[in-house]
Amino acid sequence: MTLNAIWKAGLSLALAIATVFSTANAADDATAKQYQQMVDKAIAFLATKGQAEDGSFNSAAGPAVTALVTAGILRQGRSPDDPVVAKALKYVEKFIRDDGGIYTEGTHNKNYETCIALVCFKEANRNGKYDALLAKAEKYVKTNQWGATHEREADASDVKYGGTGYGRTNDRPDLSNTSFFMDALKASGSGADDEAIKRALVFVGRCQNLEGPHNTTPFANKINDGGFYYTPAAGGNSQAGNDEQTGGLRSYASMTYAGLKSMIYAGLTPNDPRMKAAIGWLKKHYDLNNNPGLGNQGLYYYYQTFGKALAALGQDTFVDEAGVSHDWRKDLIEALAMRQKPDGSWSNENQRWMESDANLATGYALLALSYCKK
């Protein structure tokens, strides 16, 4: 080959590479523009149609929904001084209790409400404004963990050990509330060496369909597919139901992503057998058209848990069982774009877990989108 031919071939290759990068950049720019348009429309909906005069986004739900929605807005870069945010924060502040909890008087959901509110105030904390509140709230939620206090006494062999529930008397712990609990601990600065996190990992491991030293419950070997279910406590429960043949608790995606995220927060790495098994289940069930195992039930809860877990995993792509590499951030943005209403809101036609409430579903969507930012 002559020097001239080599030069021409090199020029052609350079032009081809430049075209690929130009196309990729254009696609990235289009996705970024789509993202921002979705966020702006969603916040405009919440400001004009979602928020009540008292600052709440669902006063019947106490502080929980308002705190969750507000955290979603804050994670999109809005300031605590933004009128919508400031009004919502003032509403949630009304529920601050002397014991450190943030909950409705007389509620049965003290732990659940406090964990979500704690994350909200962490997102809003500027110049130490909420430092004292966050410290007290952290101490409070830790009193709701089984095995941590005399009120919730349990030794390490007890299936309830390490878990948290809604905060009711004689509460049954579950993975969803324990996942929110770990979010709250992480927001308050607790790391993998924190004793509450270590205890929580014990409970999380018992919610996994994985027989081994970390799960010796009767459910561990019945399905043994590496996915997660709701709780092994009080006789065991999976929102996806029981397997007809084995009686095992069926795994489903939202809890498997919650389990994966919780294990990462507890310091486990992808080489750990528990992590490998969870990721293996998710590789078989990569899907953003539904919440695998539950269909459209809890779809928006699923989206925010999906985003949170994969962001914590720290990988830009997720390779499924067939070897297909997915840009999970782009997939999540597209799934939410398809479902956004003309007024900027989201809502689920399935009413379970309150997701037909446009404010709650929109809050979940904003949180999910926030994990798509690198």
Side-chain angles (χ1 to χ4, degrees), residues 97-103 109-122 125 130-208 210 212-217 220 228 230-234 255 258-275 278 305 308-309 312-313:
R97 305 296 170 186
D98 291 340
D99 62 5
I102 307 163
Y103 54 81
N109 303 321
K110 293 180 179 180
N111 182 62
Y112 167 76
E113 293 178 6
T114 304
C115 286
I116 293 176
L118 190 159
V119 172
C120 172
F121 284 122
K122 173 61 177 180
N125 199 21
Y130 294 118
D131 282 355
L133 179 155
L134 293 169
K136 287 187 68 175
E138 179 193 12
K139 289 181 180 179
Y140 175 78
V141 296
K142 285 182 174 179
T143 68
N144 290 293
Q145 185 181 38
W146 284 97
T149 65
H150 292 300
E151 289 76 15
R152 298 190 185 279
E153 191 170 356
D155 63 37
S157 65
D158 192 320
V159 73
K160 293 182 290 187
Y161 180 84
T164 63
Y166 284 99
R168 301 162 185 161
T169 305
N170 294 322
D171 213 1
R172 173 197 66 180
D174 62 77
L175 181 53
S176 180
N177 275 298
T178 302
S179 176
F180 280 127
F181 172 70
M182 294 186 80
D183 289 345
L185 295 185
K186 185 174 185 293
S188 64
S190 297
D193 58 346
D194 185 275
E195 291 302 319
I197 295 281
K198 291 178 181 179
R199 284 191 292 268
L201 179 60
V202 175
F203 179 79
V204 170
R206 289 169 174 164
C207 295
Q208 187 174 21
L210 184 66
H214 303 289
N215 189 357
T216 57
T217 70
F228 284 75
Y230 190 61
T231 184
M255 282 303 96
L260 176 67
K261 180 267 303 179
S262 298
M263 292 191 297
I264 294 169
Y265 286 2
L268 300 193
T269 67
N271 291 324
D272 187 282
R274 291 162 287 181
M275 290 277 287
T305 308
K308 189 186 300 179
L313 189 60

Could you tell me which non-hydrogen atom of [X] sits nearest to which non-hydrogen atom of [Y], and how far apart they are?
X	Y	answer
T231	C207	CA-SG, 4.3 Å
P270	L313	CG-CD1, 4.3 Å
F228	V204	CE2-O, 3.3 Å
M263	Q208	SD-OE1, 4.4 Å
F203	L175	CE2-N, 3.8 Å
C115	F181	SG-CA, 3.6 Å

For [X] and [Y], indicate whether the former's side chain and the latter's backbone hold a donor-acceptor pair under 3.5 Å.
X	Y	answer
W146	D171	yes
K136	D98	yes
Q145	T164	no
N125	K122	no
T178	D174	yes
N215	T217	yes
T114	N111	no
R97	Y103	yes

Original post:
Do K110 and D99 pass the salt bridge (charged side-chain N to carboxylate O under 4.0 Å, His left out) test, and can you show the C-alpha distance, the side-chain angles, and the key distance before you say yes or no?
Top reply: CA-CA 11 Å; K110 293 180 179 180; D99 62 5; 5.4 Å; no
Subject >> Aromatic ring pairing Y112/F180, orientation class (parallel under 30°, perpendicular over 60°, tilted between) >> reply: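 Because their plane-to-plane angle is over 60°, the rings of Y112 and F180 count as perpendicular.
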**OP:** Working to the nearest 0.5 Å, report the span between CD of E138 and CG of L185.
**Re:**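 If I round to the nearest 0.5 Å, the distance is 6.0 Å.
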**OP:** To the nearest 0.5 angstrom, please state how far the NZ atom of K142 sits from the OG atom of S188.
**Re:**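 If we round to the nearest 0.5 Å, K142:NZ and S188:OG are 6.5 Å apart.
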Subject >> Note: D272-R274 ion pair, threshold 4.0 Å (strictly below) >> reply: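 A salt bridge links D272 with R274.
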**OP:** Would you kindly say whether T269 and N271 are connected by a side-chain donor-acceptor distance under 3.5 Å?
**Re:**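 No, no side-chain donor-acceptor contact under 3.5 Å.
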**OP:** Would you kindly say whether S179 and K261 are connected by a side-chain donor-acceptor distance under 3.5 Å?
**Re:**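 Yes, side-chain donor-acceptor contact under 3.5 Å.
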**OP:** For side chain to side chain contact (heavy atoms under 4.5 Å, CB included), just list the numbers for D183 and Y265, CA-CA rounded to whole Å, side-chain angles, deciding distance to a tenth of an Å, and then say yes or no.
**Re:** CA-CA 8 Å; D183 289 345; Y265 286 2; 3.4 Å; yes
Original post:
Quick check: are there more than 12 heavy atoms from other residues, nucleotides or ligands sitting under 6.0 Å from NZ of K186?
Top reply: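 No, because the 6.0 Å sphere around NZ of K186 holds 12 heavy atoms or fewer from other groups.
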Original post:
Tell me, do K198 and E195 make a side-chain contact under 4.5 Å, heavy atoms counted?
Top reply: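 Yes, side chains in contact.
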Original post:
Please walk me through it: do V119 and I116 pass side chain to side chain contact (heavy atoms under 4.5 Å, CB included)?
Top reply: CA-CA 5 Å; V119 172; I116 293 176; 6.0 Å; no
**OP:** Could you please spell out the steps behind the side chain to side chain contact (heavy atoms under 4.5 Å, CB included) verdict for E113 and I102?
**Re:** CA-CA 6 Å; E113 293 178 6; I102 307 163; over 6 Å; no
Subject >> Steps toward side chain to side chain contact (heavy atoms under 4.5 Å, CB included) verdict (R206, V202) >> reply: CA-CA 7 Å; R206 289 169 174 164; V202 175; 3.7 Å; yes
